[in-house]
Amino acid sequence: MEGMTDATPTTRRWFITGANSGFGLAFVHAALAAGDEVVAAVRRPETLAELAASADGRVTVLELDVSDAAARRRAVEAAGRIDVLVNNAGFGITGAIEETAEAELRDAMEVMFFGPLELTRLVLPQMRARRSGTVVQLTSMGGFLSFPGVGAYSAAKGALELASEALAGEVAPLGIKVLIVEPGAFRTGFAAPTALRTVASRIADYDTTSGAIRDDLSAAHGTQEGDPAKAAEAVLEVLTWKEPPLRLALGSDAVDAVRAKLASVGADLDATEHLGRAMGA
């Protein structure tokens, strides 16, 4: 319940992927401010050299490409104790489903589903042994709902959400918590022209649907309402609750979009309930 906290006197050790920018870097700063230690897993360790040098030994930087199976195992082994795993690394990709090549879809799934799920599996044995630990999955409001132009992204994030929902039920009796974080639009590098991927193919018939989304996302870069530092603070607060939620939607746009999705699903269920219940012999 909100307001009921679970005091944790020991220093936690965080393992954060994509820790050199956006939400990942915000989590690093929030964890350090809380007095904890951080293992920052990034593709380019040199980007965090200055931060590590100023952190009094509380930041360990490891090289990790989350799509590399051998690198995942090496990073978890090198990290040692992990109390909080934050699967944050990912990228934006836009394009209609028909425009998206199989290789592009597989790449999105590898980085945003298979990679984080395997990191989770690698960390779980030590959490089970201690009967404690937290897995934080950074998905998106696009992992709970979708719209034209983001099908590949939502497919990867949604797959991670559903696997994590099952995981939460599996590990709850073992003292392990799972938190799915669903941000809306935040001022991260997600929509930066150099970071947001667009599929190679473009079909004119989709210009008013997926094409519009592709253009709108890039135009919004740097002007989004959400502050990553506040998102990290919210996650740290929720992790102190005795009964934390499974999902945490962050940003007014995310809260509104999730509520609209729930209402839409409810309306569909109401309209078809008589058919669904008439399946008996």
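Values below: all heavy atoms of this structure, side chains included; hydrogens, waters and symmetry mates excluded. What you see is a predicted model, and the numbers here were worked out from it, not measured in a lab.
- Hydrophobic clustering of Ile, Leu, Val, Met, Phe, Trp and Tyr side chains at less than 4.5 Å, counting indirect connections, unites Leu174 with Leu119.
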**OP:** Start with the C-alpha gap between Arg12 and Asp83, add the side-chain angles, then the distance that decides, and say whether salt bridge (charged side-chain N to carboxylate O under 4.0 Å, His left out) holds.
**Re:** CA-CA 6 Å; Arg12 293 171 296 187; Asp83 299 298; over 6 Å; no
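- The environment of Arg130 atom CZ is dense: over 12 non-hydrogen atoms of other residues, nucleotides or ligands sit within 6.0 angstrom.
- Side-chain contact of Asn87 with Thr120: a donor-acceptor pair under 3.5 Å is present, judged by distance alone.
- Within the 4.5 Å cutoff, no side-chain heavy atoms of Val38 are placed close to those of Thr60.
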Subject >> Residues Glu182, Ser140; criterion side chain to side chain donor-acceptor pair (under 3.5 Å); working and verdict >> reply: CA-CA 4 Å; Glu182 300 168 335; Ser140 166; over 6 Å; no
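- Judged purely by distance below 3.5 Å, without hydrogens or angles, the side chains of Ser164 and Gln137 pair a donor atom with an acceptor atom.
- There is a path of hydrophobic side-chain contacts, each under 4.5 Å, that joins Trp241 to Val136.
- Residues Arg128 and Arg131 come closest through the heavy atom pair O-NH1, 2.6 Å.
- In summary, Arg44 and Glu63 do not engage in a salt bridge, as defined by a charged side-chain N under 4.0 Å from a carboxylate O.
- Leu160 and Ile176 are members of different hydrophobic clusters when ILVMFWY side chains are connected at heavy-atom separations under 4.5 Å.
- For the 3.5 Å distance criterion, the side chains of Ser67 and Glu110 fail to qualify, holding no donor opposite an acceptor.
- Using a cut-off of 4.0 Å between Lys/Arg side-chain N and Asp/Glu carboxylate O, Glu37 and Arg81 are scored as not salt-bridged.
- The hydrophobic clustering, which links ILVMFWY residues whose side-chain heavy atoms are closer than 4.5 Å, places Ile180 and Phe113 apart.
- Side chains of Glu98 and Tyr206: a donor-acceptor N/O pair is present below 3.5 angstrom, by distance only.
- Atom CG of Leu246 sits about 8.0 Å away from atom CD of Glu161, to the nearest 0.5 Å.
- Annotation for Arg259: atom CZ does not count as buried by contact number, only 12 or fewer foreign heavy atoms lying within 6.0 Å.
- Under a cutoff of 6.0 Å and an axis angle of 45°, Lys261 and Phe144 form a cation-pi pair.
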